[in-house]
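The basis for the numbers below is simple: all heavy atoms, side chains too, and nothing from hydrogens, waters or symmetry mates.
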Amino acid sequence: MAGEAGVAAFGVIMYISFVYESAYLGYAQGIAPVISFNYGAQNRKELHNVFTKSLVFYGMTGLVVTLASLAFASPLAWLFTGYNQSLYTLIIHGLRLYALSFTISGFPIFAPSFFTALNNGPVAAVISVCLSILFELIAIFVLPLILGVDGIGISVDAANVAALLLAIWFWKQNQSKYGY
């Protein structure tokens, strides 16, 4: 839809998002053994504590990362494409649309790790597949039909919202079983 410049801009936005989301992935991988230990020890109080603190971490980090990506959109875009004004402009616009996903993208990253740590691989797999394949494919095909090129920019936002709702549903469904 946006030609070669659109593909290049989306590639740059993806590189930037990998840097931001690495904090989410690192936390999810680092906290998983703590979750597993407390689940295995049947320490429901600490499991609840770790779960709650993790949600707070993702909420606060999401807000900070979103604000940082909006504040630093221009220097980040220039870092990759200072040589091409039209590409630079396209990246800034796309990054501002994409930045909204950082607010909540940590939660759907945490959810599969959380359920894996609780030895519930099927739930973890459903959330992961829905986020990374199903929801993104639906969004990337449907939203551009409605919103044009901007639909591509917010497709990740929409996929993350859908994955967050799915994660919340699984968290609610399994709360009494695991005691978090």
Side-chain angles (χ1 to χ4, degrees), residues 1-29 54-55 57-81 84-116 122-172:
M1 287 184 90
E4 291 175 4
V7 173
F10 194 75
V12 169
I13 292 166
M14 295 309 312
Y15 288 137
I16 293 168
S17 76
F18 292 152
V19 171
Y20 287 140
E21 291 180 354
S22 65
Y24 300 150
L25 291 167
Y27 181 88
Q29 290 177 354
S54 295
L55 295 181
F57 167 80
Y58 282 106
M60 292 177 67
T61 306
L63 182 62
V64 168
V65 168
T66 298
L67 293 174
S69 65
L70 291 171
F72 296 111
S74 181
L76 287 170
W78 180 85
L79 181 67
F80 286 95
T81 61
N84 184 320
Q85 183 62 38
S86 63
L87 186 55
Y88 167 83
T89 303
L90 198 59
I91 291 170
I92 290 175
H93 179 71
L95 187 57
R96 288 187 175 138
L97 293 173
Y98 191 100
L100 300 174
S101 75
F102 296 134
T103 306
I104 62 167
S105 65
F107 298 105
I109 289 172
F110 171 65
S113 179
F114 181 74
F115 283 109
T116 298
V123 168
V126 167
I127 296 169
S128 291
V129 168
C130 285
L131 171 63
S132 61
I133 299 173
L134 180 64
F135 295 154
E136 287 203 27
L137 279 175
I138 291 169
I140 202 74
F141 283 110
V142 172
L143 292 176
L145 296 174
I146 300 167
L147 302 171
V149 175
D150 284 352
I152 296 167
I154 65 167
S155 64
V156 173
D157 301 346
N160 276 314
V161 168
L164 174 60
L165 294 174
L166 182 63
I168 290 169
W169 185 81
F170 277 119
W171 283 328
K172 294 265 186 212

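One side chain, S74 or Y88, offers a donor N or O that lies under 3.5 Å from an acceptor on the other. Y27 and S54 are linked by a side-chain donor-acceptor pair at a separation below 3.5 angstrom, with hydrogens and angles left out of the test.
Without hydrogens or angle criteria, Y58 side chain to Y24 main chain gives a donor-acceptor distance under 3.5 Å. At least one donor-acceptor pair closer than 3.5 Å links the side chain of T66 to the backbone N or O of T103. Remark: the backbone N or O of A125 is not paired with any side-chain donor or acceptor of S128 at under 3.5 angstrom.
A 4.5 Å side-chain heavy-atom check between L137 and I133 finds at least one atom pair inside the cut-off. Using a 4.5 Å heavy-atom cutoff, the side chains of F115 and V126 are not in contact. Within the 4.5 Å cutoff, side-chain heavy atoms of D150 are placed close to those of H93. Proximity of I16 to Y98: side-chain heavy atoms (C-beta onward) are nowhere separated by under 4.5 Å. Between N160 and L131, some side-chain heavy-atom pair lies under the 4.5 Å cut-off. Within the 4.5 Å cutoff, no side-chain heavy atoms of L165 are placed close to those of F135.
Between F110 and F114, the ring-plane angle classifies as tilted under the 30° and 60° cut-offs. Taking the six-membered ring where the residue is Trp, Y20 and F102 present perpendicular rings, their angle passing 60° and hence far from 30°.
Between P112 and A124, the shortest heavy-atom contact is O-CB, 3.2 Å. Across all their heavy atoms, I127 and P108 have their closest contact at CG2-O, 4.1 Å. Scanning both residues, L95 and S69, for their nearest heavy atoms gives CD2-O, 4.1 Å. Counting all heavy atoms, side chain and backbone alike, S113 lies closest to Q29 at OG-N, 4.2 Å. Shortest non-hydrogen contact noted between L87 and A8 is CD1-CB, 3.9 Å.
Taking CG of L67 as the reference point, atom CZ of F72 lies at 10.5 Å (rounded to 0.5 Å). One finds the CG atom of L143 at 6.5 Å from the OG atom of S155 (value rounded to the nearest 0.5 Å). Atom CD1 of I91 is separated from atom CZ of F80 by 8.0 Å, given to the nearest 0.5 angstrom. Annotation: the span from L76 atom CG to T81 atom OG1 amounts to 10.5 Å, rounded to 0.5 Å. Annotation: the span from I92 atom CD1 to L97 atom CG amounts to 12.5 Å, rounded to 0.5 Å. Atom-to-atom distance recorded for S22:OG and I109:CD1 is 9.5 Å, nearest 0.5 angstrom.
By the 6.0 Å contact criterion, CE on M14 is enclosed, its count of non-hydrogen atoms from other residues, nucleotides or ligands being greater than 12.
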